[in-house]
Structure formats: structure tokens, C-alpha cells
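Taking it in order: structure first as C-alpha cells, then the write-up.
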Amino acid sequence: MAFWLIKSEPLAYSWSEMIKDRRAPWDGVRNYQASNNMRSMKCGDYAFFYHSNKGMEIVGIVKVVKEYYPDHTDTSGRFGMVDFQKVKSVKNPVSLKSIKANPALSNIALVRQSRLSVMPIRDREWEIILEMADTQL
DNA sequence: GCCAACGTTGGC
DNA sequence: GCCAACGTTGGC
């Protein structure tokens, strides 16, 4: 099983909307690296749900429930998407600030590649962040 | 609101 | 195939 992190601007699609919808297709990604990361996702993989711009913190956990398929909102046919299902809110949201302050997380893509919206998370990083979030899967 | 980082586009 | 111009993301 693999772990990921997905970003969403709360003004565009917030965690509270994700909770309400329970399940959401992750359309609208128009970046090859992000799209390729989604292509690698398997059903059952987990992802942190991160609020970019406003909030700048990990607020929840989702899991992949449908693997990569074409993004119908992309008329060029180049990009795909997966479907996520809400798993749970984290007990303590983990801020970008606290992630940056943790030396064990200094290689995380969230820090190194700030514009990437879908990224892999290493097993160890996943565990550390879960601990910071005071949350268990 | 600014700007750094980075991706894309299009002229040559 | 290079690179200037331009657009977008997202932290600050």
C-alpha cells in the first residue's frame, strides 16, 4: 500500500465539502507529474487532504476507491483522475509550519516542491505526520 | 498583494 | 530544440 498527499484550496473544494460528499472524483488536475502520481494510485491507498492557500494544514485522510481514468473535464484528453473517499478528519490538523519545523520531514515534497498538488508520501513520513496529528488510521 | 518557482506556449 | 514571454500555484 502507498501513501499520498493531495492539495485543495478550501475556496475551490474544502474538507467540509469532502465530508459532505463522502466521495469525490479528483478532476481538474492539469499537471503531468501530479497526474502521473494519480496514475500510480491503487484502490485502498491512503492520502492526506491538505488545505492550500487558506489554512495550509493537513485536515483529513481519504482513500482511493477508483483507480486512474480519463478526466472528462479535460478536453485535450491528456489528463486523468481517481476517486477518493473520505476516511476521517485528523484530530489535530498538521500545519505546513510544523511540517517545515520537523527535520525528519525536510525531504517531503510538500516542502521541496511547493507547487505540486498530488505527491507521494514515504511510509516513515506518513507515520510521523499521523503522530503529529494525534490520529490513527 | 507580491513574488518565487515552475510549467506551457509559440516564434524562430 | 532553444528560449522569451506568459500564466499559474501557493507561500509569505
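By convention in this document, chain letters (A, B, ...) are assigned in the order of the sequence lines, proteins followed by strands, and residues within each chain are numbered from 1.
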A/S117-A/R30 side chain donor-acceptor pair, cut-off 3.5 Å: no
Side chain to side chain contact (heavy atoms under 4.5 Å, CB included) between A/N31 and A/L116, intermediate numbers included: CA-CA 8 Å; A/N31 172 280; A/L116 187 61; 3.9 Å; yes
Salt bridge A/E127-A/R124, side-chain N to carboxylate O under 4.0 Å: yes
Atom-to-atom span, CD1 of A/I6 to P of C/dG10 - whole angstrom: 12 Å
A/V90: which of A/D134, A/T135, A/I129 passes side-chain contact (heavy atoms from CB on, under 4.5 Å): A/T135
Nucleotide nearest A/R115 (side chain, heavy atoms from C-beta), chosen from C/dG7, B/dT9, C/dG11: C/dG7
Distance in angstrom units between A/L11 CG and C/dG10 C1', rounded: 13 Å
Spacing between A/R30 atom CZ and B/dT9 atom P, to the nearest angstrom: 12 Å
Below 4.0 Å: OP1/OP2 of C/dC12 and any side-chain N or O of A/K100: yes
A/K7 side chain near C/dG10 phosphate (N/O to OP1/OP2, under 4.0 Å): yes
Parallel, tilted or perpendicular, as decided by the 30° and 60° cut-offs, for the rings of A/W126 and A/F48: parallel
Residue-level proximity of residues 31-38 of chain A to DNA chain B when a heavy atom falls under 4.0 Å: A/N31, A/Y32
Stepwise side chain to side chain contact (heavy atoms under 4.5 Å, CB included) test for A/L110 and A/I121: CA-CA 9 Å; A/L110 189 66; A/I121 297 286; over 6 Å; no
Gap between atoms CD and P, on A/E9 and C/dT9 respectively (whole Å): 7 Å
Listed nucleotide nearest any side-chain atom of A/M56, set C/dG11, B/dC6, B/dT9: C/dG11
Integer-rounded Å distance: C/dG11 C1' and A/N53 CG: 8 Å
Euclidean distance, atom NZ of residue A/K97 to atom P of C/dC12 [Å, nearest integer]: 10 Å
Rounded interatomic separation in angstrom, taking CG from A/L110 and P from B/dC6: 14 Å
side-chain contact (heavy atoms from CB on, under 4.5 Å), paired with A/V62, selected from A/M18, A/Q85, A/R23: A/M18
Separation of C/dT9 C1' from A/L5 CG (nearest whole Å): 15 Å
